[in-house]
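Along the sequence shown, residues carry numbers from 1. We count ligands from 1, going down the list as the structure has it; atoms in each ligand are counted the same way. Side chains included, hydrogens not; waters and symmetry mates left out as well; all remaining heavy atoms used.
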Amino acid sequence: MQVYKVGGAVRDRLLGLPVTDVDRVVVGATTEEMLAKGFRPVGADFPVFLHPKTGEEYALARTERKSGRGYGGFTFYASPEVTLEEDLIRRDLTINAMAEDDQLNLTDPYHGQRDLEARILRHVSPAFAEDPLRVLRVARFAARYAGLGFTVADETMDLMCQLSESGELQALTAERSWKEISRALMEDHPQVFIQVLRDCGALKELMPEVDALFGVPQPETHHPEIDTGLHTLSVLEQSALHKQPLTVRWACLLHDLGKGLTPEEEWPRHIAHEHTGLKLIKAVNERFKVPKDCQELALLVGQYHTHGHRALELKASTLLELLQSFDIYRRPQRFEEFISACEMDARGRKGLEQRSYPQADYLRGAAKAAREVAVQPLLEQGFKGPELGEALKRERLKALKAYKEAATA
Ligand code: CTP
């Protein structure tokens, strides 16, 4: 049997990038031989094994054919006769369809190296269309390698458009889609992921609520970029530049969904968009079975981002309501993430990327003032149960009034 490194490990080594995951393909072996060598099978009926010592993945060379809709609909054929070239041709992109042996001899029948040099993401063969998830994968690779100058080949874009139009993306499971979306959002240029999805019509299929923001104007005074879709891309871009966590990036993507619902006659104003957007944010969250922390932050940022921007003008009582909504006493981190998302929203505007955001420190100071109100003296005064809660609220309000006065004096 011969063993080759394949996929991302070869691609990233040739790009001079660190290699984290190594996938290997085994040519000329049977399942029985692998088991005899101590490899552990990954699934009951999939020809992928884990190395007994390193735990790395070894897959038998296989061909694949689509036999139905969705991911389950695959039949594959693995046997010692399947060649390396046959295994490589079923792969998504030419840059992912190269193999190398232990001596670093490259097998590159579909010109992946040429495309690496030309900075092109190009599909290997029409078999690309057999897994619609690849539309998201290409967009994700575009987001990852945008800084190196990679773009999607025209013919691959055409295929992605066809796939999006066919409705096939609807067959993707929430789990597979979210894995791609979340990984893409954590890349250096997550806005490119959304842009590529939009360009091929996939955004409309996957997140019509985000797609609907393009072409919706906002007042030029606050938004020199005017277009709400472009603004959303800029906010995402800022979130990556500022190395924000996934929760914040997800909230950035969804914060303005309500603006897509504003009746045209009200444009460019978007009265109460924070509120109208909530049901859309909820729908997107549920569609992809998004993790709870991301869901929660997106909803809170959707609802309160304007409060964040207007922090210095808020009455002490409104400020207190905001802090209570975030449960800052038990969830300090979540409030920090909210502040970050607001800051990204403020900077994700044309020409305003470097602006200062004094609201951030002001909100932090307010949270500190509210947290510093001690319970003990109230207990000593005999307050308990709901009355204790009310007394605590009164004291916090007092503290916030004093804080506001001092901070804005
Ligand atoms: N692959 C594919 N189609 C998919 C998933 C994977 O063709 N839907 C192939 C590609 O050849 C890919 C390899 O399987 O290079 C390994 O897949 P994966 O580990 O998901 O991705 P990597 O290319 O290794 O990239 P990453 O750095 O994102 O892990």
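When the salt bridge (Lys or Arg N to Asp or Glu O under 4.0 Å) test is applied to Glu57, no partner is found at least two apart in sequence or on another chain. Applying the ring pair (Phe, Tyr, Trp, His ring centres under 6.0 Å) rule to His189 yields no partners; only residues at least two apart in sequence or on another chain are considered.
By the 4.0 Å heavy-atom criterion, Asp21 is excluded from the residues contacting ligand 1. For the ligand labelled ligand 1, residue Leu133 lies outside the 4.0 Å heavy-atom shell.
Near Arg140, the atoms of ligand 1 lying under 4.0 angstrom from a non-hydrogen atom of the residue are 28 (O). Distances below 4.0 Å separate heavy atoms of Arg11 from the following atoms of ligand 1: 22 (P), 23 (O), 25 (O), 26 (P), 27 (O). Heavy-atom proximity to Gly7, at under 4.0 Å, picks out these atoms of ligand 1: 15 (O). Residue Arg134 has at least one heavy-atom neighbour below 4.0 Å for each of these atoms of ligand 1: 2 (C), 3 (N), 4 (C), 7 (O), 8 (N). Heavy-atom proximity to Arg144, at under 4.0 Å, picks out these atoms of ligand 1: 26 (P), 27 (O), 28 (O). Atoms of ligand 1 found under 4.0 Å from any heavy atom of Arg183 (numbered from 1 in listed order, with element): 26 (P), 28 (O), 29 (O).
Aromatic ring pairs are classed by plane angle as parallel below 30°, tilted from 30° to 60° and perpendicular above 60°; the pair Phe335 and Phe326 is perpendicular. Ring geometry, Tyr403 versus Tyr362: the interplanar angle falls from 30° to 60°, so the pair is classed tilted.
Looking only at side-chain heavy atoms (C-beta outward), Leu233 and Ile194 come within less than 4.5 Å of each other.
Under 4.0 angstrom from ligand 1, the non-hydrogen atoms of Asn96 come from both its backbone and its side chain. Looking at Val6 against ligand 1, nothing comes within 4.0 Å, counting heavy atoms.
With respect to Arg90 and Glu130, no salt bridge is recorded, no charged nitrogen being found less than 4.0 Å from a carboxylate O.
Of all non-hydrogen atoms in Ala316 and Lys404, the two that sit nearest each other are N-CD, 4.2 Å. When every heavy atom of Leu93 is checked against every heavy atom of His123, the shortest pair comes out as CD2-N, 4.0 Å.
None of His305, His309, His273 except one satisfies the ring-ring contact (aromatic ring centres under 6.0 Å, His included) rule with His255; the exception is His305.
Where the criterion is an N or O separation shorter than 3.5 Å, residue side chain and backbone included, Asp131 meets it with respect to ligand 1. Annotation: Asp12 places no N or O atom under 3.5 Å from an N or O atom of ligand 1; distance criterion only.
For atom 1 (N) of ligand 1, the nearest non-hydrogen atom from the set Glu130, Arg91, Arg137, Arg90 belongs to Arg137.
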